[in-house]
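Worth saying up front: this structure is predicted, and the values here are computed from it rather than measured. We count residues from 1, following the sequence as given.
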Amino acid sequence: MKPEEMEAAMIRNLPEKTGKSLEEWFAVLKDSGLTEKRDMKQHLKEDHGVGHFQTQTIVKFYLLD
């Protein structure tokens, strides 16, 4: 599976794995007021229990949006 396909599958599975869709995680990050990539990742991991690879993907696409 190519990296792009793995990302797409991870995004598709976010609601099942984390309880929120990518867009819902974007809202969490926006509401947090955080601007630093490192702080966003820490927030998702520590405050919301999101796994490492899901966190990486959420923050990556949030910053591209």
(message) Any side-chain to backbone donor/acceptor pair from E24 onto S21? Under 3.5 Å, distance only.
(response) yes

(request) Compare all side-chain heavy atoms of I58 with those of L14 and state whether any distance is below 4.5 angstrom. (result) yes

(message) Surrounding NZ of K17 (heavy atoms of other residues, nucleotides or ligands, distance under 6.0 Å), is the total greater than 12?
(response) no

(message) Are M40 and I11 connected into the same hydrophobic cluster when the rule is that any two of I, L, V, M, F, W, Y join if their side-chain heavy atoms are below 4.5 Å apart?
(response) yes

(message) Hydrophobic cluster membership, with links at side-chain heavy-atom distances under 4.5 Å among I/L/V/M/F/W/Y: are V59 and F26 in one?
(response) yes

(request) Report the distance from atom NZ of K20 to atom NE2 of H48, rounding to the nearest 0.5 Å. (result) 7.0 Å

(request) With rounding to the nearest 0.5 Å, note down the distance linking CG in L44 to OG in S32. (result) 8.0 Å

(message) Please say yes or no: joined through hydrophobic side-chain contacts below 4.5 Å, possibly via intermediate residues, are L29 and M10 part of one cluster?
(response) no

(request) May I ask whether L34 and L64 are part of the same hydrophobic cluster, defined by side-chain heavy atoms of I, L, V, M, F, W, Y residues being less than 4.5 angstrom apart, directly or through others? (result) yes

(request) To the nearest 0.5 angstrom, please state how far the NE2 atom of H52 sits from the NZ atom of K41. (result) 7.0 Å

(message) Using only atom types and a distance under 3.5 Å, with no angle test, would you say the side chain of E5 pairs donor to acceptor with the backbone of K2?
(response) yes

(request) Find out whether W25 and Q54 are in side-chain contact, i.e. whether some heavy atom of one side chain is under 4.5 Å from a heavy atom of the other. (result) no

(message) Within this structure, what is the CE-CZ distance for the pair M6 and F53, rounded to the nearest 0.5 Å?
(response) 7.5 Å

(message) Are L22 and L63 connected into the same hydrophobic cluster when the rule is that any two of I, L, V, M, F, W, Y join if their side-chain heavy atoms are below 4.5 Å apart?
(response) yes

